[in-house]
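Counting starts at 1 for both ligands and their atoms, in listed order.
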Amino acid sequence: MSGIIALNHNENLYAILKSHFPADDSACCMELSDGSQLTFGDVDARSGRMAGLLRALGVDVGDRVLVQVDKSPEAVMLYLGCLRAGAVFLPLNAAYTAREVEYFIGDATPSLAVCRPADATAFEALAAAGGGTRVQTLGANGDGTLMDRFADAPDDERVESRSHDDLAAILYTSGTTGRSKGAMLSHGNLSSNARVLHAHWGFTPDDVLIHALPIFHVHGLFVALHCSLLNGTRMIFQARFDADAVIDAMARATVLMGVPTFYVRLLENTRFDRHAVRRMRLFVAGSAPLLPDTFNAFEARTGHRILERYGMTEAGMITSNPLDGERLPGTVGYFLPGVSGRVADVDGNELPRGEVGVLEIKGPNVFRGYWCMPEKTAAEFRADGHFITGDNATMAADGRISIVGRAKDLVISGGYNVYPKEIELMIDVLPGVRESAVIGVPHPDFGEGVVAVISKQSSTALDEATVIDSLSGQLAAFKRPKRVFFTDELPRNTMGKVQKNTLRQKYADTFAKRQEEPG
Ligand code: MLC
Ligand code: AMP
């Protein structure tokens, strides 16, 4: 398809975003923490130059570019450059260890991997073992070999022609069986979702977005970035979430997108009050359930009702509470325009309104399948094309949806997904362990905190610290259990299955906020 489509029909996501850039290319696109700015003209020139550099580095249309770097404006240029070059952007959580990255390089066979300068040696070794992957580095301050070459690279205005179905990105999402799956997202998946969100959330030429999310997941990379670029207005770009920096930025901003932990931490900050939010028009939450307590406390403190929406890697955003209608805590609102679906039983039959079942969906946002896993892809789609989300939901008579749990064994901690199976497999091979169960229990900051419950051999001296230490270096820190408990036997049902619900109840208070010590 590429190359034969007339430029004005180019469905490359970058071409669509660029068509919404302001006529005045000196307008600010990204305001950086040091007070400097990148204009829309800068973003266009730099992403074009980056695309040219990728081509010069041997990246062909359709090649994967695997990226594990810190958040920086240069990393955004690398993303946009990949889109422009027709390459497939493959971002990885910056917290993943070399052991975790090895799998992604082997599975995705990228032609180029970009890592932090400090990780170059490890990446070179992984790339040499995989064969064919070249390595460049990009540091948090715009340093590294990629940027050295960028400094000498010529301008390049090209935007590769891409069709709706051509791949733009692969985002890995862990599986309940332990093996991560690469969700293939097309230019059309991303542009359709971006357009819908931009309209649905009522963006105006006066909007200024605070961008404090990581840029290796759907929320920060697609939802936040695309809405702001489509709007052609300024974003205040922050390397990480810091409640004070976000509160400072609110004096010049109108929209914040965040995971529930952002809102919990803002509420803990005594500077956060009605005055701090005087310019803000919209607070969006998602990636994990927003507790009604947080919603209510936020409204009491600021007068704003947080707009909760629901989505996932495979489909971008799926539902949203309304901008103008009622935003109800504990619900994720209605299907976005163009998205449809049902709450279904295990066979995919639609259930009566109000009953709990698995949410199944259809729409232009739904991904193209899992990279090199046709069977897994087939298993998650119904014959009529509905994608099985794995989330348990109810739908009210008026179509309002509530997520009431997960059919998949998944913990969401601070907006990051943690798959218990992956951790259990690692714990089970430790000396002295008979078996383990990893669960998520309420955590005041992260929503859910990871806990491991281990049945150990009576002869072993295995303790909590040893278990946690032995996982470091192997597992990203956010996945590591924050507490480990030992028990004689794991509770099982009559089928022999570990009863995680019983464990979740037993350890529910593990992270309960400590009562104030009496004075
Ligand atoms: C950091 N840590 C976490 C953690 N984040 N532990 C559990 N869960 C998390 N989410 C650990 C670190 O490993 C470290 O441990 C310690 O906490 C302090 O690290 P930090 O780097 O200082 O943490 P902080 O910067 O405060 O990060 C917290 C956070 C961050 C909530 C700001 O996790 C975050 O930005 N989350 C957003 C995730 C996100 O974007 N999700 C979107 C997915 S897309 P130690 O042991 O080293 O001290 C998706 C689809 C959709 O789900 O619908 O949007
Ligand atoms: P990910 O695979 O990282 O994209 O995570 C997607 C998962 O996050 C979904 O399948 C849901 O389980 C969960 N999720 C996202 N948004 C919400 C929300 N608003 N409420 C409850 N769960 C959510």
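- Ligand-side atoms of ligand 1 in range of Gly311: 53 (O), range being under 4.0 angstrom from any heavy atom.
- Not a single protein heavy atom sits closer than 4.0 Å to atom 48 (O) of ligand 1.
- Here's the thing with Arg309: one of its N/O atoms is less than 3.5 angstrom from an N/O atom of ligand 1.
- Remark: minimum distance from atom 27 (O) of ligand 1 to any protein heavy atom is reached at Arg265 NH1, 4.2 Å.
- Side-chain contact, Asn231 with Thr233: a donor N or O sits under 3.5 Å from an acceptor N or O.
- Salt-bridge annotation for Lys181 and Glu380: present, with a side-chain N of the basic residue lying under 4.0 Å from a carboxylate O of the acidic one.
- By the 30° and 60° cut-offs, the orientation of the rings of Phe272 relative to Phe283 is perpendicular.
- In terms of polar-atom proximity, defined here as any N/O pair under 3.5 Å, Thr389 makes no such contact with ligand 2.
- Listed by number with element, the atoms of ligand 1 under 4.0 angstrom from any heavy atom of Ser413 are 7 (C), 8 (N), 9 (C), 10 (N).
- Closest to atom 42 (C) of ligand 1 among all protein heavy atoms lies Ser287 OG, 3.3 Å.
- Heavy-atom proximity to Leu213, at under 4.0 Å, picks out these atoms of ligand 1: 40 (O).
- Smallest separation of non-hydrogen atoms from Leu213 and His211: O-CE1, 3.3 Å.
- Residue contacts with ligand 2: Tyr310 is placed with no nitrogen or oxygen under 3.5 Å of a nitrogen or oxygen of the ligand (distance criterion only).
- Side-chain contact between Val343 and Glu355 is absent, with no heavy-atom pair separated by less than 4.5 Å.
- For atom 8 (N) of ligand 1, a protein non-hydrogen atom is found at a distance below 4.0 Å.
- Salt bridge Arg327/Glu308: absent, no basic N to carboxylate O contact under 4.0 Å.
- Heavy-atom contacts of Lys408 reach the following atoms of ligand 2: 10 (O) (cutoff under 4.0 Å).
- If you check which protein heavy atom lies closest to atom 35 (O) of ligand 1, you get Pro214 CD, 3.6 Å.
- In this structure, the protein non-hydrogen atom closest to atom 37 (C) of ligand 1 is Gly414 O, 3.4 Å.
- Residue Lys482 has at least one N or O atom closer than 3.5 Å to an N or O atom of ligand 1.
- Checking Asp398 against Tyr334 by side-chain atom types alone, a donor-acceptor pair falls below 3.5 Å.
- With a 4.0 Å heavy-atom cut-off, ligand 2 is reached by the side chain of Glu308 but not by its N, CA, C or O.
- The nearest protein heavy atom to atom 16 (C) of ligand 1 is not closer than 4.0 Å.
- With a 4.0 Å cut-off on non-hydrogen atoms, Ile412 touches ligand 2 through its side chain and not its backbone.
- When non-hydrogen atoms are compared, ligand 2 lies under 4.0 Å from the backbone of Pro289 as well as from its side chain.
- Of all atoms in ligand 1, listed by their number and element, those nearer than 4.0 Å to a heavy atom of Thr261 are 31 (C).
- In this structure, Phe446 has its ring center at least 6.0 angstrom away from the ring center of Phe511.
- A salt bridge is absent between Asp70 and Arg240; no separation between the charged side-chain nitrogens and carboxylate oxygens falls under 4.0 Å.
- The closest approach between any non-hydrogen atom of Lys479 and ligand 1 is not below 4.0 Å.
- Regarding atom 14 (C) of ligand 1, its nearest protein heavy-atom neighbour is Ala477 CB, 4.9 Å.
- Comment: Glu424 engages Lys500 in a salt bridge, judged by a side-chain N to carboxylate O separation of less than 4.0 angstrom.
- At a heavy-atom distance under 4.0 Å, no atom of His217 approaches ligand 2.
- Using a 4.0 Å cut-off between a side-chain N of Lys or Arg and a carboxylate O of Asp or Glu, Arg301 and Asp273 do not qualify as a salt bridge.
- Gly415 O, 2.9 Å is the protein heavy atom nearest to atom 41 (N) of ligand 1.
- Side-chain contact between Ser402 and Thr331 is present, with heavy atoms from C-beta onward closer than 4.5 Å.
- Nearest protein heavy-atom neighbour of atom 2 (N) of ligand 1: Phe446 CZ, 3.9 Å.
- The shortest distance between side-chain heavy atoms of Tyr14 and Tyr79 does not fall below 4.5 Å.
- Neither the backbone nor the side chain of Ala285 comes within 4.0 Å of ligand 2, counting heavy atoms alone.
- Nearest non-hydrogen protein atom to atom 21 (O) of ligand 1 is Arg240 NH2, 4.7 Å.
- Considering backbone and side-chain atoms alike, Thr313 places an N or O below 3.5 Å from some N or O of ligand 2.
- Taking any N or O of Val259, backbone or side chain, none lies under 3.5 Å from an N or O belonging to ligand 1.
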